[in-house]
Structures are given as structure tokens and as C-alpha cells.
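Below is one structure; the comments refer to it alone.
We name chains A, B, ... by the order of the sequence lines, and we start the count at 1 in each one.
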2 protein chains.
Amino acid sequence: MDPKEILKAHILKTATLTDKEFDYLFSHFKLKSFKKGQAIISEGDKVDHEYFVISGCLKAFFINDEIKMYILQFAMPTWWTSDYGALYNHTRATISVDCISNAEVLCLSNDDREKICGEIHQAEHFFRWRTNRGYLASQKRLLSFMNNDTKARYEELLAMYPQLYNLVPKHLIAAYLGVSRETLSRLYNGQK
Amino acid sequence: MDPKEILKAHILKTATLTDKEFDYLFSHFKLKSFKKGQAIISEGDKVDHEYFVISGCLKAFFINDEIKMYILQFAMPTWWTSDYGALYNHTRATISVDCISNAEVLCLSNDDREKICGEIHQAEHFFRWRTNRGYLASQKRLLSFMNNDTKARYEELLAMYPQLYNLVPKHLIAAYLGVSRETLSRLYNGQK
DNA sequence: TGCAGAATGTGATGTACATCACCTAAGCCC
DNA sequence: GGGCTTAGGTGATGTACATCACATTCTGCA
């Protein structure tokens with residue numbers, strides 16, 4: 001399906017834009033293709049874009065002490081991702097983004113987003129709504145972390161995104177859940 | 001200090017509003033006072049307001065199995081709080097809010113916020129920015145949960161909000177950190 | 001096609017934390 | 001001011017998980 005139509009359908013769910021306004025908005029996006037394993041944002045990079053996934057699957061992750069990786073988000077089609085902390089505060093990336101599979105993304109610069117938000121009220125409305133949705137998801141995940149054990153979080157994740165089971169290696173799922181790959185392995189193979 | 005001036009200073013940091021626009025915005029807020037221990041939102045309530053703290057300290061929390069409490073947020077002056085999930089999705093409250101100390105808050109209904117956001121572009125801008133800030137804080141806390149042990153999270157919390165140490169009973173700090181009160185007690189008293 | 005590296009399984013052991021049980025000290029209320 | 005509630009400390013014990021170590025596939029690619 002056409003990237004432009006995917007983005008359009010996504011935005012029009014929340015905001016009311018004329019065709020002309022949407023075309024103007026869309027003219028600020030750039031389509032890029034990435035290969036499996038390729039990095040989009042690496043730790044220490046200057047960050048000035050955010051990314052809307054058209055196809056494939058990305059991960060946004062943090063690496064601690066150059067050893068442990070924690071996955072903040074698997075980004076699937078119609079999801080947005082970036083290191084938003086670095087993007088908004090104009091600091092260097094602490095969160096990295098790369099491709100779990102081949103992927104196509106639409107890139108939007110921070111400056112362009114802010115410009116468009118100033119020019120088109122409904123665009124600002126859309127981005128408010130989108131951020132709000134991210135905030136609620138993040139809060140829900142935080143609660144799940146405090147409240148549920150690993151097994152429950154694992155089942156919750158697979159219930160929400162069944163595709164992940166085949167798409168994503170298990171050690172990445174462990175990194176999302178915040179446990180070691182060994183523990184995850186023992187969890188779903190008998191050995192209780 | 002005057003509630004109106006506190007809110008005005010808070011909003012004008014991010015958005016550009018004329019006095020007339022701000023007065024109009026402010027006319028939708030209602031000031032309320034609450035006593036220490038009083039509930040603002042209880043589990044199961046219909047939620048249709050969010051709250052801007054003028055003075056005092058609130059907590060937003062979740063209770064699991066009618067037993068364990070997890071604190072999502074301590075809300076201090078100039079912070080916003082509510083059960084945003086229930087507020088936006090028009091569902092019943094799963095998150096409760098009550099007062100750790102006597103408090104004054106400005107109440108804004110969801111309907112009024114949406115109305116004003118539609119009418120005043122800069123108001124929408126402010127609320128986008130505010131949500132964004134909440135999203136980043138939530139993501140940071142999530143990372144801290146995965147990455148740091150309890151002691152590090154405790155020190156991080158006190159470094160960020162030194163007032164909490166005297167203002168808030170220790171078992172509430174434990175509920176924020178997601179550990180038992182016993183563990184927290186052992187942490188900062190010698191017994192390593 | 002054959003080999004290197006990645007992904008995964010599984011045992012042994014250590015540790016941070018929960019839980020239960022009980023104790024002390026400090027508000028608070030009629 | 002005596003009793004009740006709430007906050008907080010501390011020991012004993014159990015458990016979920018990390019970590020280390022190694023074995024076993026699987027997979028991409030030269």
C-alpha cells in the first residue's frame with residue numbers, strides 16, 4: 001500500500017484535514033528504506049527526526065554499561081518512534097533505534113513538525129492526541145512492571161502483539177520484558 | 001500566591017496567550033480545597049476532570065487485588081494529575097487520587113479542555129507540550145525500573161524531589177519504588 | 001556446502017527481594 | 001491520659017530471578 005495513503009488514513013482517524021492541508025503536511029516527510037539490522041539512530045547521534053513505520057519492524061532500545069539492552073518499544077507499521085527525549089531537548093541520543101526486519105519509514109524532522117503544528121491547528125491536534133496515546137501506553141506498561149510477574153507480562157505482550165512471537169527473536173522479547181533470556185526460556189518451556 | 005497567577009505563569013512558559021485568552025481559559029477552572037487524606041478520584045468513579053495542583057501534595061495510585069498499592073505519581077504544585085486513561089477513554093477509574101497533605105487544586109473538565117483546545121490554537125499547543133513532558137517522564141521512569149536496582153531508584157527519587165523525604169511517609173515512597181516497606185527500611189538503615 | 005556466529009536450552013549457584021511475624025515509637029481522638 | 005491506630009524497624013525464611021557455564025541447534029553467507 002502507498003505510504004502516503006497509510007499516513008493519511010492514520011492521521012484522519014484523529015484530525016480533520018483538507019486534502020490540500022494533508023498534501024502540504026506530507027510534503028515534509030521523506031520515505032526511506034532500511035535493511036534488517038541497520039541502525040536508524042545510534043547512541044550519541046544528533047537526533048532531529050522522528051519516524052513513522054510503513055512496513056517492517058523497528059526496536060527502540062537503551063544499552064546499559066555497554067552490556068545489557070532494554071527495549072522500550074517495538075515499532076510496527078503505523079507506529080511512531082524516535083529518541084523523543086533527545087529530539088525535544090536537543091541532546092545526543094541515549095536511545096537507539098534499529099531494524100528487526102527490512103523496513104520502510106517516513107521521516108519527519110523536529111523543526112518541520114513544530115513548524116506545521118504552528119501553521120495547522122488540526123496538525124497540532126493530531127500530535128497532541130498521538131503523544132497522549134503514547135503516554136497512556138507508557139503508564140500502562142509501568143503499572144504492569146510493578147504489578148505483574150514476568151510470566152504475566154510475557155502473556156500480556158503476546159496477547160497484544162501475536163505477530164511478535166514469530167517476527168522477533170526471543171532474546172529481544174526478554175529485553176523488552178526486562179528479564180534475562182534464560183529466565184524467559186525457562187518460563188515458556190515447562191520447567192516451572 | 002494567587003492560583004490564577006500560578007497557572008498563568010505555568011502556561012505562559014510554553015504558550016503565547018493574550019490576557020483575554022488566558023482569562024477565558026481560566027474561567028473554565030474551578031478552585032477546590034481538600035483535606036489531608038481526602039479522596040479526589042476513587043476506583044470505579046466516573047472521571048471527567050483533571051487537576052492542577054496549587055498547593056499541597058497528592059498521590060495517584062493503583063491498588064492490586066485490594067492489597068498492594070503502587071504509586072504512579074506524587075503530584076506537587078504546578079503538576080497535573082488525573083486518571084488520564086479513564087478521562088480520555090470515558091471508562092471508570094482504575095487509578096485513584098488522594099491528598100497526602102491539605103491541598104488546593106484547580107479542576108478542569110475533559111470537555112472544557114477539548115473545547116478550549118479547539119478554540120485556541122495556543123492552548124492546544126500547551127497541552128501537547130504538557131503531555132509530551134509527561135510521556136518523557138514516564139519513559140524515563142520505565143527505563144529506571146528496568147535498569148536500576150531499588151537503592152539507585154530511591155536515591156534518584158530523593159535527588160529529584162528532596163522535599164518528599166520529609167513530606168511523605170516511607171511506606172508511600174516504597175509504593176512508588178515498587179518494593180515492600182521492609183525492603184526500603186533495610187535499604188537506608190545500615191543492614192546491607 | 002560447510003563453517004562461524006547467532007539463537008536457544010538447561011544445569012548449578014548466588015542474591016535481592018517478598019513475606020510473615022513480631023516489636024517499638026509516635027500521633028490522635030473521645 | 002489511656003487506648004487505638006499508623007508508621008516504622010528487624011529477624012527468619014522462601015522464591016523468583018540473574019549469572020555463569022556449557023551444550024545444542026539454526027542460519028546466513030563466502
Side-chain angles (χ1 to χ4, degrees), chain A residues 34-39 56-57 59 61-71 74 98-102 143-158 164-192, chain B residues 35-39 57 59 61-71 74 98-102 143-158 164-192:
Chain A
F34 292 92
K35 296 276 177 203
K36 178 174 175 177
Q38 217 179 331
C57 180
K59 66 176 194 281
F61 60 100
F62 173 80
I63 290 187
N64 159 255
D65 302 332
E66 327 247 310
I67 296 180
K68 282 199 213 166
M69 176 179 64
Y70 298 104
I71 293 181
F74 292 114
D98 68 17
C99 301
I100 293 178
S101 63
N102 291 344
L143 257 186
S144 179
F145 243 93
M146 297 201 274
N147 192 27
N148 299 130
D149 63 14
T150 303
K151 187 164 192 183
R153 292 208 311 286
Y154 174 65
E155 279 157 10
E156 190 178 64
L157 177 66
L158 287 194
L164 283 182
Y165 188 83
N166 294 312
L167 186 59
V168 173
K170 306 270 183 289
H171 72 272
L172 293 184
I173 292 184
Y176 181 91
L177 297 174
V179 294
S180 68
R181 55 169 202 84
E182 293 96 328
T183 295
L184 181 62
S185 165
R186 283 187 252 263
L187 252 181
Y188 56 77
N189 298 317
Q191 196 199 119
K192 214 201 74 186
Chain B
K35 295 276 178 202
K36 178 175 175 173
Q38 215 178 332
C57 179
K59 67 176 193 280
F61 59 101
F62 172 79
I63 290 186
N64 160 253
D65 303 330
E66 329 246 309
I67 297 179
K68 283 198 212 164
M69 176 179 65
Y70 298 104
I71 294 180
F74 292 114
D98 69 16
C99 302
I100 293 178
S101 64
N102 291 345
L143 257 187
S144 179
F145 243 92
M146 297 202 273
N147 192 27
N148 299 131
D149 63 14
T150 302
K151 186 163 192 184
R153 293 209 310 286
Y154 174 65
E155 279 157 10
E156 189 177 63
L157 177 67
L158 288 194
L164 283 181
Y165 189 83
N166 294 313
L167 186 59
V168 172
K170 306 270 183 287
H171 70 272
L172 293 186
I173 292 183
Y176 181 92
L177 296 174
V179 293
S180 67
R181 55 170 202 83
E182 293 96 327
T183 294
L184 182 63
S185 164
R186 281 186 255 262
L187 253 182
Y188 55 78
N189 297 316
Q191 196 200 120
K192 212 201 76 182

Please tabulate, one pair per line, each protein N/O and nucleotide N/O from nucleotides 18-24 of chain C that are separated by under 3.5 Å, including the distance.
unit_1	atom_1	unit_2	atom_2	d
C/dA18	OP1	B/Ser180	N	2.9
C/dA18	OP2	B/Ser180	N	3.1
C/dA18	OP2	B/Ser180	OG	2.8
C/dA18	OP2	B/Thr183	OG1	2.3
C/dT19	OP1	B/Lys68	NZ	3.3
C/dT19	O4	B/Arg186	NH2	2.9
C/dC20	N4	B/Glu182	OE2	3.2

For this session: Quick one: list whatever passes ring pair (Phe, Tyr, Trp, His ring centres under 6.0 Å) with B/Tyr154, sequence neighbours left out.
Result: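 Counting only residues at least two positions away or on another chain, B/Tyr154 forms a ring pair (Phe, Tyr, Trp, His ring centres under 6.0 Å) with B/Tyr188.
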Please report, rounded to the nearest Å, how far the [atom2] atom of [N] is from the [atom1] atom of [X].
X: B/Leu172; N: D/dT6; atom1: CG; atom2: P; answer: 13 Å
X: B/Ile100; N: D/dA7; atom1: CD1; atom2: C1'; answer: 14 Å
X: A/Asn148; N: D/dA16; atom1: CG; atom2: C1'; answer: 15 Å
X: A/Ile173; N: C/dA7; atom1: CD1; atom2: C1'; answer: 13 Å
X: A/Lys151; N: D/dT15; atom1: NZ; atom2: P; answer: 16 Å
X: A/Asn102; N: D/dG28; atom1: CG; atom2: P; answer: 12 Å
X: B/Lys170; N: D/dG9; atom1: NZ; atom2: P; answer: 7 Å
X: B/Leu187; N: C/dC17; atom1: CG; atom2: C1'; answer: 10 Å

How many angstroms lie between atom [atom1] of [X] and atom [atom2] of [Y], to the nearest 0.5 angstrom?
X: A/Met69; Y: B/Met146; atom1: CE; atom2: CE; answer: 10.5 Å
X: A/Cys57; Y: A/Asn102; atom1: SG; atom2: CG; answer: 12.0 Å
X: B/Lys59; Y: B/Ser101; atom1: NZ; atom2: OG; answer: 11.0 Å
X: B/Glu155; Y: B/Leu187; atom1: CD; atom2: CG; answer: 8.5 Å
X: B/Gln38; Y: B/Cys99; atom1: CD; atom2: SG; answer: 6.0 Å
X: A/Phe145; Y: A/Arg153; atom1: CZ; atom2: CZ; answer: 4.5 Å

For this session: Would you please test A/Lys36 and A/Ile100 for side-chain contact (heavy atoms from CB on, under 4.5 Å) and show each step?
Result: CA-CA 5 Å; A/Lys36 178 174 175 177; A/Ile100 293 178; over 6 Å; no
Taking only N and O in the side chain of [X], is any of them less than 4.0 Å away from OP1 or OP2 of [N]?
X: A/Tyr188; N: C/dG9; result: yes
X: A/Thr150; N: D/dA16; result: no
X: A/His171; N: C/dA6; result: no

Nucleotide N/O to protein N/O under 3.5 Å, stretch nucleotides 28-30 of chain C:
none

Problem set entry | Any donor-acceptor N/O pair, A/Asn147 side chain to A/Leu143 backbone, under 3.5 Å | no
Problem set entry | Between the first and last five pairs of the helix from C/dT1-D/dA30 to C/dC30-D/dG1, the angle of the axes, rounded to 10 degrees | 40°
Seminar exercise, completed: Residue set satisfying side-chain contact (heavy atoms from CB on, under 4.5 Å) with A/Lys68, at least two apart, ordered chain then number -> A/Asn64, A/Tyr70
List, one per line, each side-chain donor-acceptor pair under 3.5 Å for residues 164-181 of chain B, sequence neighbours excluded.
unit_1	atom_1	unit_2	atom_2	d
B/Tyr176	OH	B/Arg141	NE	3.4
B/Ser180	OG	B/Thr183	N	3.2
B/Ser180	OG	B/Thr183	OG1	3.1

